Amino acid sequence: MAQDREGPPAKRFKAAPPGTQPQSAAPPAHVQRRSLPISGARGPLLARLRRLDTAILIGETGSGKTTQLPQYLYEAGIGHPGVIAVTQPRRVAAVTLAARVAEEKRTELGKLVGYTVRFDDCSCAETRLRFLTDGMLLREAIGDPLLHKYSVAILDEAHERTIHTDVLFGVVKAAQKKRKERGLRPLKVIVMSATMDVDMFSQYFNGAPVIYLEGRQHPIDIFYTKERQSDYLQAALVSIFQIHQEAPACQDILVFLTGQEEIEAMTKTCRDVAQHLPEGCPRMTVLPLYASLPHSQQLRAFKPTPEGGRKVILSTNIAETSITIAGIKFVVDTGMVKAKKYSPETGLEVLAVQQVSKAQAWQRTGRAGRQESGICYRLYTEEDFEKFEEMTTPEIQRCNLASVVLQLLALKIPNVLTFDFMSKPSPDAIQAAIDQLDLLGAVTQKEGQLVLTPLGKKMAAFPLDPKFSKAILLSPQFHCAEEILTIVSLLSVDSVLHNPPAQRDEVQAARKKFISSEGDHLTLLNVYRAYKNVNGHKGWCRENFINGRNMKLMAEVRAQLRDICVKLSMPLESCRGDTAGVRRCLAHSLFMNAAELRPDGSYGTVGSQQLVAIHPSSVLFQCKPACVVYTGLLRTSRCYMRDLCPVDAEWLLEAAPEYFRRRLRSAKS
DNA sequence: GAGCACTGC
């Protein structure tokens, strides 16, 4: 048995998972408003908030805080005549919340109530309640650090600690202070969160009071295993079938696993086992769920359970916050997650399976009690659970900070090393980011202070990693702006190349015609040109194993980047066949990611002489160019360079003479 | 000769 069901008494608790997910929780509209838990507290809540500059609002799932509070504030005239901003970590949430609130106010979406997300602005001068993504408000702040148009900033889902929310904390705190000092209209800041991190939020915002809101979450029973499980997959399998044979039909199971491959394998195993069950067992429908799964297949997880059957959903952490499935009675938590780590010394990103935090485990557990009471099986011992980290490390402590530092400098933060972060990244990580920006020519010292150069200011206008912004800004010098725009856009979305392992030979045959001996970037450029030639025809995409969805997204990104170029009055030319210009431009912007062939046939990075290899997915896999630049490193079984472009060592010397003089092997000889 | 969790501007 994977877990102990008769042993020590189950812990019964009232789960308070974060994250109201409006897109599928969707209670009926305005008729429901008055019966939400928050409505009983309206009067006292408004009285308190009216007096406060800053408040931390803790609300359980189902409290109605996200939809109701902005309306209450507006109806009470708090913040009038400014705009009330409500930020969300995800686009869908911003859009669906705005739609719902507009419906409750019985107004047209985009007028009084609106939303603003990337590629989609549904708001106007009349808009008073504005839902936006946290990243969008941050971008606005670059143009207007004091956020003049807003009178209230509500930062929702703050416990998720996205990199954007974390930077916004500092931005709104500073804006509030400065507006006060200058006698401007005050900025009210309301931080909304689930139960974790309460003290930290309050402390950060100068001891701001914490207001608790009742929620409406059903009780969930939690079971731990008696003994530590050596194989969480085996334990999960046993648990699934144990539940399946004991629980009534129509009670669905959600299982948290770590990744696509694991989920696909487990899906197959479960389906096989399910075929050999004794008679009288409910029919089992096993459904995988992960982000890269085609949308149509994701939707299957939402279909109601067939009469007399049972749905078993095998999911990544996408089901923790982004996707909510109704009717889950059982959650099986393996306690594992695949997550990214970053080490500033090597610039290496590592994607590794690791233990979840306590907060994450509670989040998973909460997915069981959304419509009625639920049960959660934790495939680890209670003792081990106690040893889990309290919180997941905030994203800002796990990332390359080059973009963040560039944004902070664009916000005219006087000293990025002492910026008021709620959770400070390591000084090494900040310094590494400054060094990168320095090499790109984005920053300079002025009167002992780090400031942006004119180039740096332009770079900050692009929603991109600084090295890509630099590529775009340099491209006119090489007469290839159109091509670089395409390449950078392709690199900033998920891969447009679809690689189903089962059809490997067909994929290779179809891809042949796009391959350029000048590397992966130019191969991608060929794909885009061919795609444009057939006007993005769907059948063509299918035949050529091109991901049409990502291609469309890429086109949107490209249009946005092109707009920014036009606003910066950049001359946009195409080099047509002269692809050397494109490679030179890439050499001048990716020079920090350069590697040289060594006499023994291996590759070493020019920066730190680290041993690296060409990723087998690269078109240059079988080739041995003397000198390459790459988009990034990926650490798996070895350290791989991804997206390669062969370059001349002289180009690198041209790009950053000081940096390369001592480093480049070919320059020494 | 490999394989990538999830967001967002």
Side-chain angles (χ1 to χ4, degrees), chain A residues 19 87-94 116-121 132-143 157 160-168 256-265 289-293 315-323 334 336-341 349-354 356 360 363 392 394-396 398-399 403-404 406-407 410 459-466 468-469 488-489 492-495 497-502 504 507-508 553 556-557 560-561 563-564 613-618 620-622 632-642:
Chain A
T87 69
Q88 295 293 321
R90 281 170 293 279
R91 294 165 53 97
V92 261
T116 305
V117 298
R118 190 182 188 184
F119 308 131
D120 193 4
D121 183 7
L132 12 63
T133 43
D134 48 12
M136 204 68 211
L137 187 59
L138 194 55
R139 199 121 286 274
E140 260 188 60
I142 291 177
E157 311 283 16
E160 288 195 25
R161 305 292 305 275
T162 69
I163 198 161
H164 293 144
T165 300
D166 265 29
V167 178
L168 270 181
F256 284 101
L257 298 166
T258 67
Q260 171 174 351
E261 214 179 70
E262 187 176 283
I263 286 170
E264 289 297 347
L289 185 63
Y290 46 86
S292 59
L293 197 68
S315 174
T316 59
N317 40 347
I318 195 172
E320 250 172 55
T321 48
S322 305
I323 286 181
T334 57
M336 304 306 276
V337 66
K338 200 178 279 184
K340 195 156 74 181
K341 288 185 196 164
E349 289 182 346
V350 186
L351 202 55
V353 173
Q354 48 200 304
V356 297
Q360 237 176 329
Q363 176 72 30
T392 309
E395 197 183 358
I396 198 146
R398 290 185 283 129
C399 284
S403 294
V404 169
L406 184 69
Q407 280 178 351
M459 282 166 69
F462 293 93
L464 292 169
D465 185 291
F468 293 146
S469 315
V488 165
S489 305
S492 57
V493 300
D494 284 337
S495 178
L497 308 177
H498 180 50
N499 294 310
R504 230 186 57 185
V507 173
Q508 269 187 347
L553 190 64
E556 272 190 298
V557 173
Q560 185 191 28
L561 300 179
D563 274 353
I564 297 170
I614 299 180
H615 196 277
S617 66
S618 169
L620 297 178
F621 181 60
Q622 316 265 14
L633 292 176
L634 174 77
R635 173 72 167 254
T636 50
S637 55
R638 302 167 74 180
C639 195
Y640 286 111
M641 301 178 274
R642 282 190 303 182

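Chain naming here is simple, since letters A, B, ... match the order of the sequence lines and numbering starts at 1 in each. Note that the structure is a prediction, hence the values are computed from the model and not measured.
- You'll find that the side chain of A:A291 is closest to B:dC6, out of B:dC9, B:dA2, B:dC6.
- Rounded to an integer number of Å, the gap from A:E264 CD to B:dA5 C1' is 15 Å.
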Test A:S292 against A:Q260 for side-chain hydrogen bond (donor to acceptor under 3.5 Å, both in side chains), laying out the working first. CA-CA 8 Å; A:S292 59; A:Q260 171 174 351; 3.2 Å; yes
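- Comparing B:dA2, B:dC9, B:dC6 against the side chain of A:R118 picks out B:dC9 as the nearest.
- Between the side chain of A:Q88 and the backbone N or O of A:A94, no donor-acceptor pair lies under 3.5 Å.
- Residue contacts for A:Q260: at a heavy-atom cut-off of 4.0 Å it reaches the sugar-phosphate backbone alone, with no base atom in range.
- Closest approach to the A:L351 side chain among B:dG3, B:dC9, B:dA5 is made by B:dA5 (side chain taken as heavy atoms from C-beta onward).
- Taking atom CZ of A:R90 as the reference point, atom C1' of B:dC6 lies 9 Å away to the nearest angstrom.
- Within 4.0 Å of A:F462, counting heavy atoms only, lies no atom of the nucleic acid at all.
- B:dT7 atom C1' lies 10 Å from atom NZ of A:K340, rounded to whole Å.
- A distance of 7.0 Å separates CD in A:E262 from NZ in A:K338, rounded to the nearest 0.5 Å.
- Contact annotation: A:T133 does not reach the phosphate of B:dT7 (side-chain N/O to OP1 or OP2, under 4.0 Å).
- Crowding of A:Q354 atom CD: a count of heavy atoms from other residues, nucleotides or ligands under 6.0 Å exceeding 12.
- Here B:dG1 presents its C1' atom at 14 Å from CE of A:M641, a figure rounded to the nearest Å.
- If you find the closest nucleotide of DNA chain B to A:K338 and to A:P89, the one lying nearer the 5' end belongs to A:K338.
- Residue A:R638 is out of contact with every strand shown, counting any heavy-atom pair closer than 4.0 Å.
- Summarising the geometry, the separation between OH on A:Y640 and C1' on B:dA2 is reported as 6 Å, rounded to the nearest angstrom.
- In this structure, CG of A:L289 is placed 12 Å from C1' of B:dC6, rounded to the nearest angstrom.
- Taking the nucleotide of DNA chain B with the nearest heavy atom to each of A:E261 and A:D494, the more 5' of the two is matched to A:E261.
- Distance from the side chain of A:S617 is smallest to B:dA2 among B:dA2, B:dC9, B:dA5.
- In this structure, the salt bridge (charged side-chain N to carboxylate O under 4.0 Å, His left out) partners of A:K340, at least two apart in sequence or on a different chain, are A:E349.
- As judged by a 4.0 angstrom heavy-atom cut-off over every strand, A:T316 is placed among residues touching the sugar-phosphate backbone only.
- In terms of the side-chain contact (heavy atoms from CB on, under 4.5 Å) criterion, residue partners of A:A613 (sequence neighbours excluded) are, by chain and number, A:R638, A:Y640.
- For the pair A:I263 CD1 and B:dC6 C1', the computed distance is 12 Å after rounding to whole Å.
- In this structure, the CG atom of A:D134 is 10 Å from the C1' atom of B:dC9, given to the nearest Å.
- Across all strands shown, A:L634 has heavy atoms under 4.0 Å from base atoms, whether or not it also approaches the sugar-phosphate.
- Across all strands, A:I318 comes closer than 4.0 Å only to sugar-phosphate atoms, never to a base (heavy-atom distances).
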